[in-house]
Amino acid sequence: MSKVALITGVTGQDGSYLSEFLLSKGYEVHGIIRRSSVDFRERIAHLEGQPNFHLHFGDLGDSMSLVKVVGKVKPTEIYNLAAQSHVQVSFDSPEFTADVDATGVLRVLEAVRACGLEKTCRIYQASTSELYGKVEEVPQNENTPFHPYSPYAVAKLYGFWIVKEYREAYNMFCCSGILFNHESERRGETFVTRKITLAAARIAQGLQDKLYLGNLSSLRDWGYAKDYVECMWLILQNDKPEDFVIATGVQHSVREFAYYAFKHAGIELKFEGEGMNEKGICVAGPEELVGKVLVEVSEDFYRPTDVVNLWGDPTKAKAKLGWNPSKTSFEELVKIMVESDMAKVAAEGAAQKVRMNLAEYLEKGIVK
Ligand code: NAP
Ligand code: F7E
């Protein structure tokens with residue numbers, strides 16, 4: 001029987017990598033997109049038009065749209081990746097976050113039941129290490145108690161429990177991957193890693209003066225998104241529906257991430273001072289930058305409650321799914337992201353130069 005996957009959140013970082021992964025495995029892939037004022041789907045533009053890749057309009061806030069798409073596609077696997085995924089934004093839009101990240105999960109499960117697919121369709125829920133929040137144990141595994149510490153995490157906790165409930169109440173094959181932070185060159189630009197790699201590239205190329213960050217001491221277990229989507233698939237290929245922690249088992253601070261990112265961009269930083277007064281100073285690199293403060297701390301990027309000590313234990317995923325958490329190291333991940341942003345910024349800089357030259361030529365009447 002041919003495998004048919006339906007991905008919510010297909011335009012996101014993970015949705016794009018998962019689509020590529022499933023297409024390479026011979027799946028027919030369907031994605032749910034929402035109408036937006038700018039119809040530019042950068043991360044999946046290269047997949048549009050492929051014969052096995054199809055897009056449908058829908059929204060996690062609209063159960064009728066979900067029932068319609070699920071009924072039409074009749075997926076054998078659903079990957080529910082759609083979410084308001086930014087923790088800081090969840091403090092500004094808590095109700096929207098709850099509607100999409102909590103009730104939205106329920107709507108997906110109910111759509112499967114409404115279409116009578118509960119015995120044939122397996123469901124993956126994108127759960128998160130944010131459930132551990134104000135951590136009660138390090139490192140965190142599948143038995144660590146949850147202590148959500150943001151509106152995002154509280155909403156995702158509902159998602160986790162409703163999936164478990166439907167598994168037990170209706171015998172559905174639905175499970176959660178408790179994924180720790182995973183990043184890539186496709187990561188949204190306001191998450192801390194991408195914000196840092198873009199800034200390092202811009203500063204190295206003279207297009208930005210300084211980078212402002214929040215809590216530099218926050219600790220994360222960062223992996224590569226491309227490696228993590230394989231695990232989502234493995235979780236649904238398991239004999240029985242179970243929840244899994246997906247992490248590298250290695251922890252670093254935001255400060256360390258910044259140090260290595262700037263290093264790959266040719267700038268050596270030294271951090272001095274503490275708390276709000278901490279600064280990253282250039283001690284080696286391009287002459288014009290040496291001695292300058294390139295990283296500063298700003299209150300604007302502090303959260304009302306912050307999660308500061310995430311560190312995952314992937315033992316279960318290694319043993320039961322045969323997943324390798326060490327495929328891409330922290331240093332390799334930083335390098336991949338910085339190299340990609342160095343090229344992106346250079347291309348943008350070149351395009352800007354062409355525009356500036358053209359404006360000058362038009363002004364001087366050189367081109368008409
Ligand atoms: P992302 O890049 O922010 O993508 C989120 C996706 O959700 C986008 O495709 C977005 O569509 C879609 N979306 C948002 N609201 C929607 C709605 N109301 N209806 C339908 N689609 C909606 O996130 P990601 O990093 O790929 O993460 C994927 C999932 O894993 C999320 O659920 C996230 O919470 C969870 N997670 C992520 C991490 C991580 O480190 N990346 C770790 C643990 C868990 P638009 O393009 O239209 O905005
Ligand atoms: O923050 C600190 C910030 O926004 C990481 C989502 O994918 O992973 C992600 O959530 C840490 C936090 O990711 C800045 O306070 C310092 O402690 O990159 P982030 P996140 O909050 O961990 C989890 C697993 C998910 O499930 C989410 O969907 O970095 N930090 N300075 C900063 N963070 C940001 N964004 N910007 C700063 O300037």
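It should be emphasised that the depicted structure is a prediction, and the values quoted were computed from it without experimental measurement. For reference, positions follow the sequence shown, starting with 1. Just so you know, ligand 1 is whichever comes first in the structure, and atom 1 is the first atom listed for that ligand.
Residues Thr305 and Tyr149 approach most closely at OG1-O, 2.6 Å, considering heavy atoms. Of all heavy-atom pairs spanning Cys231 and Leu321, the tightest one is SG-CD1, 4.2 Å. The minimum heavy-atom distance between Ser150 and Glu130, with the atom names listed, is OG-OE1, 4.4 Å. Of all non-hydrogen atoms in Leu219 and Asn309, the two that sit nearest each other are CD1-OD1, 3.7 Å.
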Item to check | Criterion side-chain hydrogen bond (donor to acceptor under 3.5 Å, both in side chains) on Tyr224 and Glu185, from CA distance to verdict | outcome: CA-CA 9 Å; Tyr224 189 28; Glu185 55 274 44; 3.1 Å; yes
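Checking Thr305, Thr128, Asn215 against atom 16 (C) of ligand 2, the nearest heavy atom belongs to Asn215. Looking at Asn309, Asp306, Val192, it is Val192 that brings a heavy atom closest to atom 30 (N) of ligand 2. Residue Asn181 holds the heavy atom nearest to atom 8 (O) of ligand 2 of all those in Leu179, Asn181, Leu216.
The backbone N or O of Ser16 lies less than 3.5 Å from no partner atom in the side chain of Arg43, so there is not a single donor-acceptor pair. A distance-only check finds no donor-acceptor pair linking the side chain of Arg122 to the backbone of Phe173 [under 3.5 Å]. Looking only at distances, no side-chain donor or acceptor of Arg113 sits under 3.5 Å from a matching main-chain atom of Glu118. Of the possible donor and acceptor atoms, one in the side chain of Asp221 sits under 3.5 Å from a partner among the backbone N and O of Gly249. A donor-acceptor pair is defined here as one N or O able to donate and one able to accept, closer than 3.5 Å; no such pair exists between the side chain of Gln140 and the backbone of Val135. Remark: side-chain polar atoms of Lys156 are paired, donor with acceptor, to backbone N or O of Ala126 under 3.5 angstrom. The main-chain N or O of Asn215 is never found under 3.5 Å from a side-chain atom of Ser218 such that the two would form a donor-acceptor pair. Under the 3.5 Å distance criterion, the side-chain polar atoms of Ser298 are left unmatched by any main-chain donor or acceptor of Tyr212. Of the possible polar contacts, none joining the Glu20 side chain to the Tyr17 backbone as a donor-acceptor pair under 3.5 Å is found.
Of the protein's non-hydrogen atoms, the one nearest atom 7 (O) of ligand 2 is Arg187 NH2, 2.9 Å. The protein heavy atom nearest to atom 10 (O) of ligand 2 is Val87 CG2, 3.6 Å. For atom 4 (O) of ligand 1, the nearest non-hydrogen atom of the protein is Gly12 CA, 3.4 Å. The protein non-hydrogen atom at the shortest distance from atom 4 (O) of ligand 2 is Arg303 NH2, 2.8 Å. Looking only at heavy atoms of the protein, atom 31 (C) of ligand 1 is closest to Leu81 O, 3.0 Å. Scanning all protein heavy atoms for the shortest distance to atom 19 (N) of ligand 1 gives Leu60 N, 2.9 Å. In terms of protein heavy atoms, atom 25 (O) of ligand 1 is closest to Arg187 NH1, 3.4 Å. Distance from atom 23 (O) of ligand 1 to its nearest protein heavy atom, with residue and atom name: Ser85 OG, 3.6 Å. Nearest protein neighbour of atom 35 (N) of ligand 2, counting heavy atoms only, is Thr190 O, 3.0 Å. The shortest contact between atom 21 (N) of ligand 1 and any protein heavy atom is with Ala82 CB, 3.4 Å. Here the heavy atom of the protein found nearest to atom 5 (C) of ligand 1 is Ala83 O, 3.7 Å. Ranking protein heavy atoms by distance to atom 42 (C) of ligand 1, first place goes to His182 CE1, 3.3 Å. The protein heavy-atom contact nearest to atom 31 (N) of ligand 2 is Gly214 N, 2.8 Å.
Distance CD/Gln50 to OG/Ser19: 9.5 Å, rounded to 0.5 Å. Leu55 contributes atom CG, which lies 10.0 Å from atom NE2 of His30 (distance to the nearest 0.5 angstrom).
Below 4.0 Å from some heavy atom of Val307 lie the following atoms of ligand 2, by number and element: 17 (O). Taking every heavy atom of Ala126 and a limit of under 4.0 angstrom, the matching atoms of ligand 1 come to 29 (C), 30 (O), 32 (O), 35 (C). Within the listing of ligand 2, atoms 11 (C), 12 (C), 17 (O) sit less than 4.0 angstrom from a heavy atom of Ser218. Against a heavy-atom cut-off of under 4.0 Å, Gln13 is close to the following atoms of ligand 1: 2 (O), 25 (O), 26 (O), 41 (N). Listed by number with element, the atoms of ligand 1 under 4.0 angstrom from any heavy atom of Asn181 are 40 (O). Taking every non-hydrogen atom of Thr128 and a distance limit under 4.0 Å, the qualifying atoms of ligand 1 come out as 43 (C), 44 (C). Taking every non-hydrogen atom of Ser127 and a distance limit under 4.0 Å, the qualifying atoms of ligand 1 come out as 43 (C), 44 (C). Distances below 4.0 Å separate heavy atoms of Ser129 from the following atoms of ligand 2: 24 (C). For ligand 2 and Phe301, the ligand atoms under 4.0 Å from any heavy atom of the residue are 37 (C), 38 (O).
Proximity of Tyr302 to ligand 2 is not established, as no heavy-atom distance is less than 4.0 Å. In this structure, Arg255 has no heavy atom closer than 4.0 Å to ligand 2. Not a single heavy atom of Val308 sits less than 4.0 Å from an atom of ligand 2. For Asp59, the heavy-atom gap to ligand 1 drops under 4.0 angstrom. Residue contact check for ligand 1: His86 places no non-hydrogen atom closer than 4.0 Å to it. Residue-ligand proximity: Lys195 is placed with a non-hydrogen atom under 4.0 Å from ligand 2.
At a heavy-atom cutoff of 4.0 Å, ligand 2 is contacted by no atom of His182, backbone or side chain. With a 4.0 Å cut-off on non-hydrogen atoms, Val254 touches ligand 2 through its side chain and not its backbone. Residue-level proximity to ligand 2 for Ser85 is carried by backbone and side chain together, each with a heavy atom below 4.0 angstrom. Looking at Val100 against ligand 1, only its side chain comes within 4.0 Å, counting heavy atoms. Of the heavy atoms in Tyr152, only side-chain atoms (C-beta onward) come closer than 4.0 Å to ligand 1.
Between Tyr132 and Phe146, the gap from one ring centroid to the other is short of 6.0 Å.
At least one N/O-N/O distance between Arg220 and ligand 2 falls below 3.5 Å. Not a single N or O atom of Gln84, backbone or side chain, sits closer than 3.5 Å to an N or O atom of ligand 1.
A salt bridge links Glu296 with Lys279: the distance from a Lys NZ or Arg NE/NH1/NH2 to an Asp or Glu carboxylate oxygen falls below 4.0 Å. For Lys195 and Glu189, the salt-bridge test fails: no basic side-chain N is under 4.0 Å from an acidic carboxylate O. In this structure, Asp341 pairs ionically with Arg194, as a charged nitrogen and a carboxylate oxygen lie closer than 4.0 Å.
None of Asp59, Asp99, Asp101 except one satisfies the salt bridge (charged side-chain N to carboxylate O under 4.0 Å, His left out) rule with Arg107; the exception is Asp99.
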